[in-house]
There are 2 protein chains.
Amino acid sequence: MSGLSRFLSVLRCFTEAKANWTVPELAEAIGVPASTVYRTVRELVAQGFLEPSTEAHYRLGSAFIEFDRMIRLTDPLVKVGSPLLRDLVAEVRHPCVAVLARLYGDRVICAADERYDGAELPTSYERGRPMPLTRGATSKTILSQLPGRRLKKLLADADADAPAKLSGELAAIRKRGHCITRGEVDKGLVGIAVPVSNSELAISASLSLVVSDATLDERLERRLVLLLVSAADLLSQALRRLA
Amino acid sequence: MSGLSRFLSVLRCFTEAKANWTVPELAEAIGVPASTVYRTVRELVAQGFLEPSTEAHYRLGSAFIEFDRMIRLTDPLVKVGSPLLRDLVAEVRHPCVAVLARLYGDRVICAADERYDGAELPTSYERGRPMPLTRGATSKTILSQLPGRRLKKLLADADADAPAKLSGELAAIRKRGHCITRGEVDKGLVGIAVPVSNSELAISASLSLVVSDATLDERLERRLVLLLVSAADLLSQALRRLA
DNA sequence: ATCAAATTATCGTTTTTTGATAATTTATTG
DNA sequence: CAATAAATTATCAAAAAACGATAATTTGAT
């Protein structure tokens, strides 16, 4: 373990399940002597990535909040997309969650989301939560835009269950311009996604709406696809203006 | 330069003013050979802290979004405070911004904020933005809770303009239980802050409201102080329950 | 003030980083 | 599609930093 990964092995211990760690616990968990972890933690605290918590415990530090703000202020997709998501859910006038997602290593991450006022959809998609690469409209729509070589390498690492079936689906998305999946991510929910890309900014993302399966009839589905296509168009235009 | 600071010297280059960097630019800016920066950037990209942007440029990566979510999910102050801020601004029924802030190195950072629906106050306080340690009600209220030795060291490093005056003000905050400052941070705005602390969780923070000076009469001011005190009380109770 | 636990300091050894340069890959353009 | 330039990675010996066992110190709670 060396370089950055030394620090990440500590930071990745801090999860929802266990958000408070002592140094001996960390040392045990990552299999490294405590004296080394004391040094590592000291550096992380000095830079604000960890902070002292209750008696000899540590928690994630505010530096992440600071850098997250910098992303909100500067990332083209987030900056341009966030206000657009607000407009989108307002136009939908139906319980839904709108999501802007992008590739994140071998997964997909939601970079911005917006909930229709008061909607109580139990969706897994949530800003900052990594999601599987090959399931759901949001992810598949991102994959459908990747250049062949990149896609092949990604899928090889992720060893998808049915690569042939998947590549057929991706071709269909490229052809139709959108993707609809039912219950692939969350039971009882439907995802409708359209591609968002800008090669100049090296962005390949997707814009999606999650709605309850039970309340979605054909008419509404058509309307949502249209709204998404038009929102994605606006988004692409705005991105082009930034580039 | 070594350890974590090697990576931070790169990450800190990414600002609102310049959010896109090439490796040679970074090398020039931090005074290190390009071959070294190529290696550093490669590690940061591998961990998701940077990502490739338009032609040979890099921008901040989604890992910050992921860790920020982890903070929202696990940090006691943020987790408990965020819904409380929403309730607070709703009860205020007056254009305002509510802010939860804490110490962040030699500055203060806003860890959660909430804007009264539609309020257009041009306030500097914003989630994730570091603010000066010795100016404004939000910061002074945090300082007023620190143990003497800690405070002295902080102020020594920050070399405050008028330490005597400041320590008088801090004593007054401890006595009154709140702090009101006018135009110390933003011209034409007033900050009203109350302390939030929980020694078990090693939290010393402040809860504040920012309102326009012009619209604030004595009656409203009294009401806001009362609302803040009661919200801080709820917050402290909730924190105690967590500990 | 005392005690236990947490944290930092020490130091020879081992490992990693460094930076100049060469080799390779990638993107662009005629 | 070849040619070119730019970006990126690989190489390698010297220099620097990290390691980890242990000792010393600090901190926090009686």
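Within every chain, numbering begins at 1; the chains are lettered A, B, ... in the order of the sequence lines, protein sequences first and strands thereafter. These numbers were taken from a predicted model, which means no experiment stands behind them.
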N or O in side chain of [X] less than 4.0 angstrom from [N] OP1/OP2:
X	N	answer
Arg42(A)	dT8(C)	yes
Arg6(B)	dT17(C)	yes
Thr36(B)	dG19(C)	yes

I need the [atom1]-[atom2] distance between [X] and [N], as an integer number of Å.
X	N	atom1	atom2	answer
Lys153(A)	dT25(C)	NZ	P	12 Å
Leu26(A)	dG20(D)	CG	C1'	17 Å
Glu43(B)	dT18(C)	CD	C1'	13 Å
Leu44(A)	dA18(D)	CG	P	13 Å
Glu25(A)	dA6(C)	CD	C1'	13 Å
Met1(A)	dT17(C)	CE	C1'	17 Å
Leu50(A)	dA6(C)	CG	C1'	16 Å
Ile30(B)	dG19(C)	CD1	C1'	14 Å

Inset, instruction - For Ser2(A) and for Tyr38(A), find the nucleotide of DNA chain C with the closest heavy atom, then tell me which residue's nucleotide is more 5'. - result: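 Its nearest nucleotide lies further toward 5', so the answer is Tyr38(A).
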Inset, instruction - Go through dT11(D), dA9(C), dT7(C) for me and flag the one nearest to the Arg39(B) side chain. - result: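 Looking only at heavy atoms from C-beta outward on Arg39(B), the closest nucleotide is dT11(D).
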Legend entry - Residue Ser35(A), side-chain heavy atoms: nucleotide from dG19(C), dT22(D), dT7(C) that is nearest: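 Of all the options, the side chain of Ser35(A) is nearest to dT22(D).
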Legend entry - Val23(A): which of Val37(A), Thr36(A), Thr40(A), Val10(A) passes side-chain contact (heavy atoms from CB on, under 4.5 Å):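 With Val23(A) as partner, side-chain contact (heavy atoms from CB on, under 4.5 Å) holds for just one option, Val37(A).
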Inset, instruction - Classify the ring geometry between Phe64(B) and Phe64(A) as parallel (under 30°), tilted (30 to 60°) or perpendicular (over 60°). - result: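 Ring orientation, 0 to 90° scale: tilted.
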Inset, instruction - Give a yes or no on whether a salt bridge exists between Arg127(A) and Asp68(A), defined as a side-chain N under 4.0 angstrom from a carboxylate O. - result: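 A salt bridge is present here (some side-chain N lies under 4.0 Å from a carboxylate O).
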Legend entry - NZ/NE/NH1/NH2 to OD/OE distance under 4.0 Å, Arg240(A) and Glu200(A):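 Answer for the salt bridge query: no.
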Inset, instruction - Measure from the side-chain N and O atoms of Ser144(A) to the backbone N and O of Leu170(A), and report whether any donor-acceptor pair falls under 3.5 Å. - result: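 Such a contact is absent between Ser144(A) side chain and Leu170(A) backbone.
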